[in-house]
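By convention in this document, chain letters (A, B, ...) are assigned in the order of the sequence lines, proteins followed by strands, and residues within each chain are numbered from 1. Model, not experiment: these values are computed from the prediction.
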Amino acid sequence: MGTELPLLKGTVDMLVLKALSWGPVHGFGISRWLDSRSTGSLGIDDSSMYQVLHRLEGRGFVTAGWRLTENKRRARFYALTPKGRAHLKAEMETWLRYSRVVTTVMTSRARTA
Amino acid sequence: MKRLLPRLIQLRPPRRATLEAELRDELDTHLAMWTDHYMARGIPRDEAERQARARIGSMDVAIHELYDSAKEREDRMQRRDWWTTIHQDVLLAIRQALRAPAFTIAALITFALGIGANTAMYSVVRGVLLRPLPFRDPARLAAIWPTRMISIAELLYMQQHATNFQSVAAFSPGWGVAMTGAGEPTQLDAARVSTNFFDVLGVRPALGRGFAPDESESGKWNVAVLSHELWIRQFAGDSGVIGRIVGMDTGPFRIIGVMPAGFEAFQSGVDAWLPLQVNPSSPFFTGAIARAFGRLTARSSLSGATAQLATVAPRMREAFNYTEDYAQGATVVDLHESIVGGARQSLLVLIGAVALLVVISVTNVGTLMLVHTGGRGREFAIRRALGASRPRVIGQLLTQGLVLAVAGGLLGLATGALALRVLKGILPATLPMLARVTLDSGVVALSALVTIGAGIGFAVAPALFASRVDPEGVLRAGASPTNRGHARMRRAMVVLEIALAVVLVISAGLMAESLWRLNRLDLGFDAHRVLTLRLQPSGGRIKSTDEAAAYFSELVARIAAIPNVEKVGAAQHLPLSGFNWLGDLEIEGHPLAITTAHPRIVWRSVVGDYFGTMHIPLVRGRLFTSSDRQGSEPVIIIDNAMAKRYWPDRDPIGERIKVGLGTQKSWATVVGIVGDVRSGSTDQPPPDEVYCPNEQQGLVFMHFVIRTRTDPLSVVSQVRTAVRSFDQTVPIAEVQDLDALVLGSSATRRTIALLLETFAALALILGTVGIYGVISHGVSQRTREIGIRAALGGADRLIAAMVIGEGVRLASLGCAVGIAAAFVVARSLRTLVFGVSTADPLVYAAVATTIVIIAVIASFLPARRAAGIDPLAALKSD
């Protein structure tokens, strides 16, 4: 695990939605994906992740249902709704634009004008 | 029902334990999967389990934390479900409505008619009866002695002695004045008011000022406040009008103010307000000319003011030497009530009729709905069989009812706005406060309420039915459900509808018969082919009785010379115009023992061939001649009824009488007796009436009557030319034919009759649709049964008779109920009918017959269809 980064408000929602963008996954799957992608530097604990899932489900971005895993375990699977997919796309675009602009500003060498 | 609501809207939250168990399940799986994950990397089980647990910390704490977010999720999802359900139901309702266009259109039109009529009528009732008067603190305004006009002398006395009032004011209507110096000479309908009039009402002129306290004094009273309408019409809304001098009647008047648009007090259509002239030497000083009203002090009440008036009135009687019965009816009543009270009964009858119409239209839509859902019995059965819960099916039907109602309600509101415009044109212009009748938010609120109520109302019956459908029974029987309770309900609704329609039709019938009787009354004069107009020369033109005589006789001569004009006469006011001048009767040598008071009788000052023009017959004696003039012996003509009443055993010709101002307070000799005239009101017996020659009276304004050989309005331009050839400045006002004036005198009754007839016609149409719908549906439901009958040899004719008999049975039942109800309800028409009892058997019988005939007609088509049913096809159809 590297150094934990402070989380910006709303980014966890986006990350969790992203984790679901390839198909229905259970909580474990999301949590493992987040760990592996960020090499643990995001430091989202699993309890918070479930809270985020609840919120997303309540807002209709995600649906959930009990299903069996490949190992015949009963798990609650989460999937993106069309509304969730649209939300993810919009959030992602905003985020990318924002981070690009901020990066440009922060890495500029000298004051022009 | 107790369980229905929560299930219907599914707002019951899941139990806490369930939610926690689910969370625990999920977290257990989570831990297990992490454990597997770590073990797969070669970590021993113990360590793997420890690391997995470290990811979520304490299980109980995690569940506790997650519970809140999960609970919120559940709530949100339920709300969304609920909205989705409603959304789906509304869409379903709209789809179903579109799929049955005939039903939908019939239902929408029916409901829109009911709501439309209600919207328009309620707007009127609200504007006239319900909304407070548009004056400052209107609750403290009171009419004093509403049954009587008071004199200026009494006004001054009350202003001093009626201490229950902050102030007492007076309004004197009907002062026609000619205005010159502002475009074409115009006849104005002016009112004279006490100088505190506007202050007591608490209304300020929009422009200029109101009257100053001393402007009722001689020399200062030539000032006028204009109505907004006159200001626009005659002065083009020029604000420089203040201070301008115009000619009004007796001389130059200064315009000092303009009232705001829509200001109306006591009388609509007043063009200008002039100050009451306080002049103790004027004959008007003690004449009863004005309505008194006042603003109560903060501590007094209507009853307190009435009690005080009861003590003030006898003192006034002594002070002014009035007759014994003077103080009778001296009360103080709410001003609003005194202004609109006269219209209350009529308006309540009309709004009552509209309420019946609304119930009929709702019942009708309900019946249609029942017929419609009855036809969908199979659909409901299938839905129930497929697992739709009873509340869901009911919820859908309720939604369907509401969607239909809201659509119909919106349509009805639009219809109502249109109907209100028509209605305002139809209602007599004399209806107080008519100008401020609008379709305001209060009206919309009531319509919305009725709409929602109706929507629930006409969804309930089908809902109860549909939820009871037994899926198995219906599906197995293969036929549509012939639920007995359902059929009974349908019939009951049609019977109710017809009963209500009968009440409306009987009411309309009673009014129609009243009008018919009124039209056939002998009014005592012939209004056909008579042109009337008012001529009042501008101020100062006539200065003496002789000049008045010369002026009017010249006009009569010039008008009489027009071709197609047969006869010409005039009187200061015409019969049924709403104005009758009264005077106290005295008979020479006969102290009147009939009442303690002097009888007040009508006197009319006439010019030219008034009797000949009006076709009022001379019974005995002579009419006026050119030798009856100023300076010759005062003469008078009385009417037949008066002759019989006061001289039952003698010939009154040659007797001498006084009629107050009518004989200039001197004795006049009776020279003739003419026929009686219903001059006050068509529905009242003729009042005692006398006629004086204007040559001896010298009144300065006259209403002319011109009998023509052709359409009276065709000579108007010639009459104008003739008048202008003699006097260029006299306003030619109130031009109309006498027939119209007579019709106008019963305008209220005519309007009520017209509206009731309209409502009754609508009710009949709806009733017919109702009977047709139910009978027609009955036939289609019984196709199989009828087919069997036909197969067993039932003659077509008998089958048709059976169907028609069903319609007639429903109609007869409805008639019976309706007639019983009408006996009671029609009593509210007691003061509005004329010459007919509200239990008139003729009207009732006619209505009953009509309804039965309509039932036969409405059942005829379904009967023909029933008779034509092919037994084989009917039996095979399943």
- Message: Report which part of B:Asp25 has an atom under 4.5 Å of a heavy atom belonging to chain A: side chain, backbone, both, or neither.
- Response: both

- Locate the shortest heavy-atom distance separating B:Ala32 from A:Arg73; write the atom from each residue and the value. CB-NE, 3.6 Å

- What residue, out of A:Ala75, A:Gly60, A:Gly29, A:Ser48, has the most heavy-atom pairs lying under 4.5 Å from chain B? A:Gly60

- Locate the shortest heavy-atom distance separating A:Thr69 from B:Met33; write the atom from each residue and the value. CG2-CE, 4.0 Å

- If you take all heavy atoms of B:Ser69 and A:Gln51, which pair is closest and at what distance? OG-CG, 3.6 Å

- Message: Going by side chain to side chain contact (heavy atoms under 4.5 Å, CB included), name the residues that satisfy it together with B:Leu31, two or more places apart in sequence or in a different chain.
- Response: B:Ala52, B:Arg53, B:Ile56, B:Met59

- Note on the structure: Applying side chain to side chain contact (heavy atoms under 4.5 Å, CB included) to B:Ser441 and not counting sequence neighbours gives none

- Taking every non-hydrogen atom, the tightest pair across B:Arg55 and A:Asp45: O-CB, 4.3 Å

- Item | A:Ser31 versus chain B, the contacting section by heavy-atom distance below 4.5 Å | both

- State, yes or no, whether a side-chain contact exists between A:Glu57 and B:Met77 at a heavy-atom distance under 4.5 Å. yes

- Message: Quick check: do A:Asp46 and B:His30 have side-chain heavy atoms less than 4.5 Å from each other?
- Response: yes

- Message: Determine whether a donor-acceptor pair (N or O, by modelled atom type, separation under 3.5 Å) exists between the side chain of B:Arg80 and the backbone of A:Gly58.
- Response: yes

- Please look at B:Glu26 and chain A and tell me whether the side chain, the backbone, both or neither of the residue comes under 4.5 angstrom of a heavy atom of that chain. both

- Please flag which part of B:Leu23 lies under 4.5 Å from any non-hydrogen atom of chain A: side chain, backbone, both or neither. side chain

